[in-house]
Amino acid sequence: MAARYEVSTASNGKFHFVLKAGNNEVILSSQMYSDKSGAMAGCESVAKNGTNDAMFERKMSAKDQPYFVLKAGNGQIIGNSEMYTAVAGRDNGIESVKKNCGSEIKDLTA
C-alpha cells in the first residue's frame, strides 16, 4: 500500500488528517479544523514543509517520551507525531514524513 494522507471527519463534526506510511502506520496527525478546506490546506502545508529538517521540532513529553511536531513557515504547528519509546524511533518517524509528505490525499469525508 502506498503512503497517503487521509482526511476525515471527527465525531464532533470537525475535520482532521493523518499522514500514513506505506505500512499503514500513522506518522503525523493534524489538529482539528472547522472545515474540510482547512484540513486539505494542512496536507498541502505538510507537503511544502515536510522535507525541510528545520521545520521539525524534536521534543520530549512530560513522561520523557520522544516525539516531534512539524511547523509551518509562520511557526504554527501543522502536525504531531505519536509518542516514541526511543529517540531513534522519533528520528525514523521524521525521516518517514520527509519521504512520504508528497503523497496523495484520500478524502474519507464523503
Do [X] and [Y] come close enough that some side-chain heavy atom pair is under 4.5 Å?
| X | Y | answer |
| --- | --- | --- |
| S61 | D64 | no |
| D107 | K36 | yes |
| D91 | R58 | yes |
| L28 | L70 | yes |

Look up atom [atom1] in [X] and atom [atom2] in [Y], then write down how far apart they are to the nearest 0.5 Å.
| X | Y | atom1 | atom2 | answer |
| --- | --- | --- | --- | --- |
| N80 | I78 | CG | CD1 | 10.5 Å |
| M32 | T9 | CE | OG1 | 10.0 Å |
| R4 | E104 | CZ | CD | 8.0 Å |
| E82 | T85 | CD | OG1 | 8.5 Å |
| M40 | S45 | CE | OG | 14.5 Å |
| M55 | K98 | CE | NZ | 11.5 Å |

Taking all heavy atoms of [X] and all of [Y], pick out the closest pair and write down the distance.
| X | Y | result |
| --- | --- | --- |
| I105 | C43 | CD1-CB, 3.6 Å |
| Y67 | R90 | O-CD, 3.0 Å |
| D35 | S37 | OD1-OG, 2.9 Å |
| N100 | A3 | OD1-CB, 3.2 Å |
| P66 | V87 | CG-N, 3.6 Å |
| S96 | I27 | OG-CD1, 3.4 Å |

Exercise. Do the rings of F68 and F56 sit parallel, tilted or perpendicular, given the 30° and 60° boundaries?
Worked result: perpendicular

Atom pairs and distances, side-chain donor-acceptor, residues 11-21, under 3.5 Å, sequence neighbours left out:
| residue | atom | partner | partner atom | Å |
| --- | --- | --- | --- | --- |
| N12 | OD1 | K14 | N | 2.9 |
| H16 | NE2 | S8 | OG | 3.3 |
| K20 | NZ | E6 | OE1 | 3.3 |

For this session: Give the cluster check for Y33 versus V7: same hydrophobic cluster or not, with ILVMFWY residues linked at side-chain heavy-atom distances below 4.5 Å.
Result: yes

